[in-house]
2 protein chains.
Amino acid sequence: MTAQGADVPEGDGQTTARTAASPGASNGADANGTSIAVPAARERARSIPEAAVARLAVYLRALSALAEQDITTVSSEELATAAGVNSAKLRKDLSYIGSYGTRGVGYEVEVLIGQIERTLGLTRKHSVAVVGIGNLGHALANYGGFPGRGFPVSALFDLDDDLVGVPVGGIPVSHIDDIVEVCSEREVTIGVIATPTQGAQEVCDRLVAGGVMCILNFAPIVLQVPEHVEVRKVDLAVEMQILSFHVARRQQEAANAVDGAASDGGPPGGGAGLPGEIDSANRMVERL
Amino acid sequence: MTAQGADVPEGDGQTTARTAASPGASNGADANGTSIAVPAARERARSIPEAAVARLAVYLRALSALAEQDITTVSSEELATAAGVNSAKLRKDLSYIGSYGTRGVGYEVEVLIGQIERTLGLTRKHSVAVVGIGNLGHALANYGGFPGRGFPVSALFDLDDDLVGVPVGGIPVSHIDDIVEVCSEREVTIGVIATPTQGAQEVCDRLVAGGVMCILNFAPIVLQVPEHVEVRKVDLAVEMQILSFHVARRQQEAANAVDGAASDGGPPGGGAGLPGEIDSANRMVERL
DNA sequence: TGATGTGAATAGTTTCACAGCC
DNA sequence: GGCTGTGAAACTATTCACATCA
């Protein structure tokens, strides 16, 4: 996972920085005149734990699947199973956004979908720009306008002049030099960096200059961004290495069966022979 | 980010399941005869917090970059900055794998690299199979044998007969029906699922049957796997939605400026001219 | 003197278990 | 009877702060 924040504070494995939000009293009831303009719809909505936010997105997908099957009601148990969590956690997570269930019955699928969407800010459209139209960039650009709701890809950028002007996934590629202009013009809020490591910080700076507020970074580099910009990182190498760690741990555990009584509850299946060990220099060739 | 586990327990945001490891005494000193075969190299190595494991991979990259610049020593402060964490956390993380620093001086880059690689199990090669050679699959197959050390891609699979046999990134694509056979033959330990949602569970089952121990899943579905298989999920939609949440939160916070006395302890940092006030609608366009 | 390594304090997250309501 | 919502307990992770040592 791997956090990625401006500088100091962090949350879970992969998380955006700071925690903000003054603890004390909630910011709800501030009966003042100006509230007229604001429909009083989304008030509190703070203080939702980072970890819970991530899971809300997962619940949302599970709920959408249910809705498609014309299922109108779910229990926390059912939804939890579909989302791969336990029901206590699910109920707790949902409690952060309000009480929309019915005791003894469950949740109304449509209602929950609406509430989660509201909480995640999905009622507003977020234009996406993808920078770096290589293999990964293509994949992202063709990602069906981004799954589900409001993430239309509205700009693509690359360095390569042969690519500029060519439409990918219906949108013509612009040159990287025009990031600032195009992004502010098309009101891009989310930038996706799919460039090689070298260009990433430069691209990031331009996206920020173009008014982008969030960045999803596939380049294996820690980006420097101003405080008001949110960064999330997806790092394939890190994911693989975490998996590697778990394999190693498991094998080591298995090896510790040298000790144990017969059945120590360990991994019975799997088996297979383990190769020996390698060992060498190790070079770091980044690519993308 | 979203956990993904067989059924119940989970860790941080994105984590593999169970915690295993008996707490009590470490498994170190078990002076028995069979220890001859085992070089007594990697013994304990348990009990490293999930979150720390993820960061070790990040430190490793930062260290590799330093090594390439022929830098031989780093302080926790420097390395922490490079990795985007604070130094206390870094020192704590490193302390889980042992004491390899020198007080008053710092860490030797090469030594740390070696120790982290050992801890992450990178001294063993992990063959990778990629299933689903679409846009994303191509990107993954061409990922340069996977960044850095030991993750050679050694098998590719797709459903499409037009693709079977065609080499991608130097490796010919095999048919999905041959997953079990090919994977066990080539001793694949890590499977990457880059298929559409529909096929994902089926593919997963075959990978498992083929002896794969870890799965990196790009399909937006919660996979069912036996206990001994580790799954990690990368979900673009979830990432985007988390970002969306943060935008929404920030805008909502800005809107709450309706209230505030002048300085309510909000983000004072940033310094610089920073955008002063925001109008009702509130747009966040930073210029340069 | 300067930086590591780590116990103790704090913060965040998950799980338990049960009151409350349908 | 069944299921939600939620305090409180348990657990995990981060930060502090300082003893320790080269």
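Every chain is numbered from 1 and lettered A, B, ... according to where its sequence line falls, protein lines coming before strand lines.
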List, with names and distances, any nitrogen or oxygen atoms from the protein found under 3.5 Å away from nitrogen or oxygen atoms belonging to nucleotides 20-22 of chain D.
unit_1	atom_1	unit_2	atom_2	d
D:dT20	O2	B:R103	NH1	2.6

Would you mind reading off the distance between [X] atom [atom1] and [N] atom [atom2], rounded to a whole angstrom?
{"X": "B:Y96", "N": "C:dG5", "atom1": "OH", "atom2": "P", "result": "14 Å"}
{"X": "B:L90", "N": "C:dT4", "atom1": "CG", "atom2": "C1'", "result": "11 Å"}
{"X": "A:R91", "N": "C:dT15", "atom1": "CZ", "atom2": "P", "result": "12 Å"}
{"X": "B:L112", "N": "C:dT4", "atom1": "CG", "atom2": "P", "result": "10 Å"}
{"X": "A:E50", "N": "D:dT14", "atom1": "CD", "atom2": "P", "result": "13 Å"}
{"X": "B:K92", "N": "C:dA9", "atom1": "NZ", "atom2": "P", "result": "13 Å"}
{"X": "A:Y100", "N": "D:dG5", "atom1": "OH", "atom2": "P", "result": "10 Å"}
{"X": "A:R55", "N": "C:dG12", "atom1": "CZ", "atom2": "P", "result": "15 Å"}

### Task
Name all pairs fulfilling the salt bridge (charged side-chain N to carboxylate O under 4.0 Å, His left out) condition that reach into residues 91-109 of chain B, sequence neighbours left out, sorted by first residue then second.
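Those involving residues 91-109 of chain B are B:R55-B:D93.
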### Query
Any salt bridge (charged side-chain N to carboxylate O under 4.0 Å, His left out) pairs touching residues 68-77 of chain A, not counting sequence neighbours?
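Pairs touching residues 68-77 of chain A that pass the test: none.
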Would you say [X]'s side chain and [Y]'s backbone share a donor-acceptor pair under 3.5 angstrom?
{"X": "B:Q201", "Y": "B:Q224", "value": "yes"}
{"X": "A:S64", "Y": "A:L60", "value": "yes"}
{"X": "B:T123", "Y": "B:R118", "value": "no"}

### Message
Checking side chain to side chain donor-acceptor pair (under 3.5 Å) between B:S244 and each of A:R124, A:H126, A:E117, which is the one that passes?
### Response
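With B:S244 as partner, A:R124, A:H126, A:E117 yield a single side chain to side chain donor-acceptor pair (under 3.5 Å), made by A:H126.
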### Message
Taking 4.0 Å as the cut-off, does a side-chain nitrogen or oxygen of A:N86 come that near to OP1 or OP2 on C:dT14?
### Response
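Negative; the distance criterion is not met.
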### Message
On the nucleotide C:dA3, are OP1 or OP2 found under 4.0 Å from the side-chain N or O atoms that B:S76 carries?
### Response
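Answer no for this pair, as no side-chain N or O of B:S76 is under 4.0 Å from OP1 or OP2.
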### Task
Taking all heavy atoms of A:Y100 and all of A:Q115, pick out the closest pair and write down the distance.
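Here A:Y100 and A:Q115 meet closest at OH-OE1, 3.1 Å.
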### Message
Side chain of B:S99 only, heavy atoms from C-beta on: which candidate in C:dT13, D:dT14, C:dG5 is closest?
### Response
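For B:S99, the side-chain atoms sit closest to C:dG5.
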### Query
Which of these nucleotides, D:dT4, C:dT14, C:dT13, is closest to any side-chain atom of A:P49?
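Looking only at side-chain atoms, A:P49 lies closest to C:dT13.
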